[in-house]
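Naming: A, B, ... by sequence-line order, numbering from 1 per chain.
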Amino acid sequence: MDEYQLDYFKDNGFERKQCPKCCKNFWTRDTETQFCGDPPCVSYSFIGAPVFKKEYDISSMREAYLSFFEKHGHTRVDRYPVIARWRDDIYLTIASIADFQPFVTSGLVPPPANPLTISQPCIRLDDLDAVGRSGRHLSTFEMMAHHCFNKRGEEIYWKDRTVELCDSLLKSLGLDLNAVTYKEAPWAGGGNAGPSVEVMVGGLELATLVFMDLKQTKGGSITIKGESYEKMDNYIVDTGYGLERFVWASKGSPTIYDAVFPKIVNELMDLAGIEHAIDDPEYANFFSQNARMAGVMDISGQANLLQLRKKVADSIGTTVEKLQRIMAPVESVYSITDHTRCLAFMLGDGIIPSNVKAGYLARLVLRRTLRLMKELDIREPLIEIIEMQIRNFPEYPEFKERLDTIREIVGLEEEKYADTIERGTKLVRKTAQHFKEKKEKMPLGEIIQLYDTHGIPPEITREVSKEAGIDIELPDTFYSLVAQKHSKAQVEEEETKNLDLPQTRRLYYESPEQTEFEAIVLDVIEKNIVLDKTIFYPEGGGQPADHGTLSVNDYVVNVVDVQSLNGVIMHETDSDFGFKKGDTVKGNIDRDRRIAHMRHHTATHIVNEAAKSVLGKHIWQTGAQKSVDRARLDLTHFKRITEDEFKEIELRANRSVMNNEPVHIDWMDRIEAEKQYGFVLYQGGVPPGKDIRILRVGNDVEACGGTHVSNTGFIGPIKLLKTERIQDGVERIEFSAGEAAIKRLQERDDLLNKASEALRVSPEQLPDTVNRFFEEWKDFKKENERLKAELAQERVKAMMGDAIDINGLRVLAKKIPHADVEELIKAASEFSKNENVVAILASDKNGVKIVVAAGAGAQKLGVNAGAIVREMSKLVGGGGGGKPMIAQGGGTDPSKIVEALEKGVEMVREKVGS
RNA sequence: GGGCCUGUAGAUCAGGGGUAGAUCGUUGCGUUCGCAACGCAAAGGCCGCGGGUUCGAAUCCCGCCGGGUCCA
């Protein structure tokens, strides 16, 4: 491939070589260099031998990088949040280029500056197992980058300049340029691809320079890894320089953790009571060997970890056990250091822990950290360590602002985790006991079930089971087995048809009050009609489509749905009457429906703002739906909304209505709007396009494509109906606005009135009266029970004489009119307290009820109450059963009661003879 | 978004179509100068809510509400 034949390489004496180990091509200045520079072909050589002329910490390295690129014509851009709110395809920001996807990279929206430089905090949780152990893995890192967005014919710079900049940056840091190799590594990901080079120094990949110029296209002419691609009109320089790796390389310490967070590592070592001897040569040797070896292997998974331990132990002449004893706690400290930094970013940027979506990832990291802390017996509250991290980031003052909320969240999460573990431990103990008694091993399925359903990590299951006296085995592949359980077929992505039609002019934006219009039919696709312009609002942003009519002359059809396909609005009708291209149609929308939607939509913004002001800045809309008579709004919140908060939100929302605030709508450039208002704009999702519609009501500013009232007073009353917790960390508020709110209030009054009328009291007295009734009802129930028992005793006394004698058994067969089952049971069991008796009782309440009870002596003779009831019940058209001592049954045919009683007696006679 | 588990006495939980249970706690009595401990006894349940199936539902089915948990 000539993709990599750069003039820059040629002019600067580079040579292209092929690595004899991995057979990949690379470029170097140094004629001596043999290998590509990438582990496992080479191992780390920078440990103990820093590659730059001085040491940098995070801040100074970041500053050195950004100012270098500023000096070379780039504009510095502020970092984006670690939660990717401007995207709906990923939860976390995983790379600097993610900030500019999809609209900048696609060319739809111009970049905030071009070329630009940024240091973007990123979170990747894929290799969580390796963090702390490999010496180099981090869950959270800053990707320093410079990006350049080129258009065909308007190129700013491309490959040569990019490599040149990289060279000069490294040189400015004092690197001997002979030490760099540029390894060819074609890149593909996220629907894009292109050539790329990895910048290798001392065995460490310091940066990747990606030249993104291909996009995945069906039938594209270029094939990579089985996918077809074609050239893009926009081609992008996408670089990624690992800030932490640069710091590490500048220090040459045994691990990246010691290089990046020396202070926090030390404090945690103290808290864990570990002698931190990284300055001790023997100790340092352990870790540098470990890092070197780990650098050349993939260590995810237990089996691989053991393999690594063995290699390291062999190379320094010690045992695996000793190595494990020394390394494991320190590795845990490293993990905690990394994880708490991750949490500082996640919580600092407003992720609320939850059991779904990004919130789940935050909880995952949080619980993992708590587990590690427990293993090390660190008693310090987690929040203290997170605060330590936050103090360590003076460059992110926004974290300090949120500290109170973060403190509360972490406290709650710690409690929740403790609860889960306590519940879990009990459950494991019980399960273990169960299998111990059965003298069986605990099946793997059970252990998976404990984790999957109850969140108990397998390690805890093992530990607790051991205490309970049974040993269990855990396969290395435990977590992949869990994953398997959840794996399912991928959903086919819907193919969007491309209509070859112009975008429909949206009259509903131009004159939102209008309810009638004329337009020309551009196309008819089955029952769908496309017009040149429309006032019909297509479903979107949680607002349902308008309904109404379209007519030509006297012919009228109903519009039942309206959808927008890439800006072309389709009016679905309930008739296939032949509208023709070029017809002029008259359209009318259902005005009441539209107005109800508008009221609910604007009200949603107001309630959102009110909730934010009452509950806090962490409140974020995760979904919303409007209809004619109600709306719902889903918000991120870490605990239940209390009654008082609920009322306060309602009050503030209505104040906003009573203030009759104007609603401002402006079309703004996306980048401009983001700069001015921040990502809070994207409450209702991310709209496509260069220009976005900005809606301002009071303090609320959102990107919104819905139809809105022009002044809040038009909304009328807003009645909050209820809150619901739809997921952990997500609260749903339901409310009605305008006429619908009045109707809701009237309905509630009706309910109240009906309830108070039923009890003949005024609504004010209702609570007290209901309480009294309930208490009295309970008393009567008890009284009733007692009386039934008494009655049963009396009946038994009275009926004794009616019993007939069958071979020494006294058998009582009798119909007790109107008695319910409970009475029969009480009487029968009272009677059968005597040894040699059988009670066969029936009543005609609600069909037929039958109860048979046999005394102990009768049972010995073979009398079975259950069997008798079964036979008797058949006769009366039902069924029954029970125990030999007492059984119940019944049927629907009271006329057969006498017959059934005779049958019962006969069955006793059969057993004991006459 | 997709699963799985779960709701029974004040608390922790058993039962899992046929008379609602255990332990702790509570109250009373006994023993004691008194307490603890012990013994005896009692009170305490719309078996989350609403439907359905059934002669009969805490139990089975459906829906709702609440709690927990895993995955993407």
Side-chain angles (χ1 to χ4, degrees), chain A residues 88-91 125-126 354-361 363-364 367 416-417 419-424 426-427 429-431 433-434 445-446 448-458 478-491 622-623 634 640 722-730 732 773-775 777-778 780-782 785 788-789 792 820-830 832-833 842-853 865-866 869-870 872-894 896-897 900:
Chain A
D88 41 25
D89 52 343
I90 51 172
Y91 297 130
L125 301 178
D126 323 354
S354 156
N355 55 355
V356 288
K357 300 188 181 175
Y360 174 65
L361 301 176
R363 178 169 288 167
L364 184 90
R367 292 194 168 184
K416 274 190 181 178
Y417 186 57
D419 285 350
T420 298
I421 293 302
E422 198 191 310
R423 251 196 322 271
K426 271 186 203 161
L427 190 61
R429 216 171 275 146
K430 215 168 65 188
T431 312
Q433 202 59 38
H434 171 81
E446 197 71 33
I448 292 178
Q449 165 86 3
L450 284 168
Y451 173 69
D452 201 28
T453 305
H454 300 103
I456 307 156
F478 181 82
Y479 289 98
S480 48
L481 286 171
V482 176
Q484 251 174 44
K485 222 184 128 192
H486 292 276
S487 67
K488 48 152 205 288
Q490 285 274 318
V491 191
T622 62
D634 298 342
R640 295 307 306 262
K722 67 168 183 171
T723 63
E724 194 182 340
R725 206 194 68 152
I726 57 163
Q727 295 287 4
D728 200 6
V730 182
R732 171 170 292 173
F773 270 64
F774 188 59
E775 290 304 318
W777 173 78
K778 283 203 274 194
F780 282 135
K781 215 177 84 161
K782 267 176 248 167
E785 193 103 332
K788 274 180 187 168
D820 61 26
V821 188
E822 216 176 320
E823 291 176 67
L824 296 182
I825 287 171
K826 284 213 155 73
S829 55
E830 182 68 34
S832 67
K833 275 178 188 159
S843 96
D844 53 0
K845 188 160 187 172
N846 296 331
V848 185
K849 307 287 173 207
I850 300 167
V851 172
V852 175
V869 163
R870 246 190 308 280
M872 291 173 66
S873 302
K874 268 187 211 162
L875 285 176
V876 293
K883 291 170 283 193
M885 186 178 81
I886 187 156
Q888 299 90 318
T892 47
D893 185 1
K896 298 275 177 58
I897 288 183

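Note: NZ (Lys430(A)) to P (rU12(B)) measures 13 Å, nearest angstrom. Straight-line distance from the CD atom of Glu775(A) to the P atom of rG44(B): 11 Å, rounded to whole Å. At whole-Å resolution of the value, NZ in Lys782(A) and P in rA9(B) are 15 Å apart. Rounded to an integer number of Å, the gap from Leu427(A) CG to rU12(B) P is 15 Å. What separates CZ of Phe773(A) from P of rC46(B) is a distance of 19 Å, to the nearest Å. rG17(B) atom P lies 17 Å from atom CD1 of Ile825(A), rounded to whole Å. Rounded to an integer number of Å, the gap from Ile886(A) CD1 to rU19(B) P is 7 Å. Across the protein-nucleic acid pair, Leu361(A) atom CG and rA72(B) atom P stand 9 Å apart, rounded to whole Å.
Residue contacts shown for Gly882(A) include a base, since a base heavy atom lies under 4.0 Å away. If you check every strand for non-hydrogen atoms under 4.0 Å, Gly880(A) touches a base. The residue Lys874(A) sits apart from the nucleic acid: no heavy atom pair falls under 4.0 Å. Nucleic acid contact for Ser829(A): base, since at least one base atom lies under 4.0 Å from a heavy atom of the residue. Within the nucleic acid shown, Glu822(A) has no heavy atom closer than 4.0 Å to any nucleic acid atom. Among the protein residues, Lys778(A) comes within range of the sugar-phosphate backbone only, with heavy atoms under 4.0 Å from sugar or phosphate atoms but none that close to a base. Counting any heavy atom pair closer than 4.0 Å across all strands shown, Tyr91(A) reaches a base atom. Among the heavy atoms of the strands lying under 4.0 Å from Tyr451(A) are primed sugar atoms or P, OP1, OP2 only; no base atom is included. Within 4.0 Å of Lys781(A), counting heavy atoms only, lies no atom of the nucleic acid at all. Nucleic acid contact class of Arg870(A) (heavy atoms, under 4.0 Å, all strands): none.
A donor-acceptor pair is defined here as one N or O able to donate and one able to accept, closer than 3.5 Å; no such pair exists between the side chain of Asp728(A) and the backbone of Asn355(A). The backbone N or O of Asp820(A) sits less than 3.5 Å from a side-chain atom of Glu823(A), completing a donor-acceptor pair.
Among the nucleotides rU19(B), rC46(B), rC5(B), the one closest to the side chain of His454(A) is rC5(B). In this structure, the nucleotide among rG44(B), rU19(B), rG66(B) sitting nearest to the side chain of Met885(A) is rU19(B). Checked against rU19(B), rC5(B), rC65(B), the side chain of Thr453(A) finds its nearest nucleotide in rC5(B). With rG66(B), rU19(B), rG45(B) as the choices, the nucleotide that has an atom nearest any side-chain atom of Glu724(A) turns out to be rG66(B). Considering only the side chain of Arg423(A), rG68(B) comes nearest among rG68(B), rC70(B), rC5(B). Closest to the side chain of Arg367(A), from the set rC65(B), rG3(B), rU69(B), is rU69(B). With rU69(B), rU19(B), rG66(B) as the candidates, the nucleotide lying closest to the side chain of Arg363(A) is rU69(B). Out of rA14(B), rG66(B), rU69(B), the shortest distance to the side chain of Thr420(A) is found at rU69(B).
Rounded to whole Å, the C1' atom of rA20(B) lies 11 Å from the corresponding atom of rA14(B). With C1' as the reference atom, rU23(B) and rC4(B) are 30 Å apart, rounded to whole Å. Taking atom P on both rA57(B) and rU12(B), the two are 29 Å apart, rounded to the nearest angstrom. When the P atom is compared between rA37(B) and rG51(B), the two are found 47 Å apart, to the nearest whole Å. Across rC29(B) and rG45(B), the matching C1' atoms stand 26 Å from one another, rounded to whole Å. Straight-line distance between the C1' atoms of rG18(B) and rC13(B): roughly 24 Å, to the nearest whole Å. The same atom, P, is picked in rG56(B) and in rA22(B); the two are 29 Å apart, to the nearest Å. The P atoms of rC46(B) and rG21(B) are separated by 15 Å, rounded to the nearest whole Å.
An OP1 or OP2 oxygen of rC55(B) is reached within less than 4.0 angstrom by no side-chain nitrogen or oxygen of Lys845(A). Contact annotation: Arg725(A) side-chain N/O to rC65(B) OP1/OP2 distance is not under 4.0 Å.
Of the inter-residue distances, the one linking Asp634(A) atom CG with Ile726(A) atom CD1 reads 3.5 Å to the nearest 0.5 angstrom. Note that CD1 of Ile886(A) is 9.5 Å distant from CG of Leu824(A), once rounded to the nearest 0.5 Å. If you take CE on Met885(A) and OG on Ser829(A), they are separated by 7.5 Å, rounding to the nearest 0.5 Å. To the nearest 0.5 angstrom, Glu446(A) atom CD is 6.5 Å from Gln449(A) atom CD. One finds the CD1 atom of Ile825(A) at 10.0 Å from the NZ atom of Lys788(A) (value rounded to the nearest 0.5 Å). We find the CG-OG distance between Asp893(A) and Ser873(A) to be 12.5 Å, quoted to the nearest 0.5 Å.
The two residues Pro457(A) and Tyr451(A) come nearest to each other via the heavy atoms CA-CD1, 3.9 Å.
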Practice task
Determine, step by step, whether Arg725(A) and Arg640(A) satisfy the side chain to side chain contact (heavy atoms under 4.5 Å, CB included) criterion, reporting the C-alpha distance in whole Å, the side-chain angles of both residues, the deciding distance to 0.1 Å, and the verdict.
Solution key: CA-CA 7 Å; Arg725(A) 206 194 68 152; Arg640(A) 295 307 306 262; 3.5 Å; yes
Exercise for the section: Just do the side chain to side chain contact (heavy atoms under 4.5 Å, CB included) check on Arg367(A) and Lys416(A) with the steps written out, would you? Expected result: CA-CA 10 Å; Arg367(A) 292 194 168 184; Lys416(A) 274 190 181 178; 4.1 Å; yes
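In terms of position on RNA chain B, the residue among Lys426(A) and Thr892(A) whose nearest nucleotide sits closer to the 5' end is Lys426(A). RNA chain B is contacted by both Lys883(A) and Ser873(A); Lys883(A) maps to the nucleotide lying nearer its 5′ end (nearest heavy atom per residue).
A stem is defined here as three or more consecutive Watson-Crick or G-U pairs, each with both distances under 3.5 Å; for RNA chain B these stems are B:1-7 with B:65-71, B:10-13 with B:21-24, B:26-30 with B:38-42, B:48-52 with B:60-64.
In this structure, Glu785(A) does not pair ionically with Lys781(A), as no charged nitrogen and carboxylate oxygen lie closer than 4.0 Å.
A donor-acceptor contact under 3.5 Å is formed by the side chain of Asn355(A) with the base of rU69(B).
Aromatic rings of Trp777(A) and Phe780(A) (six-membered ring for Trp) have centroids beyond the 6.0 Å cut-off, not under it.
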Is there any protein nitrogen or oxygen under 3.5 Å from a nitrogen or oxygen in nucleotides 56-63 of chain B, and what are the pairs?
none

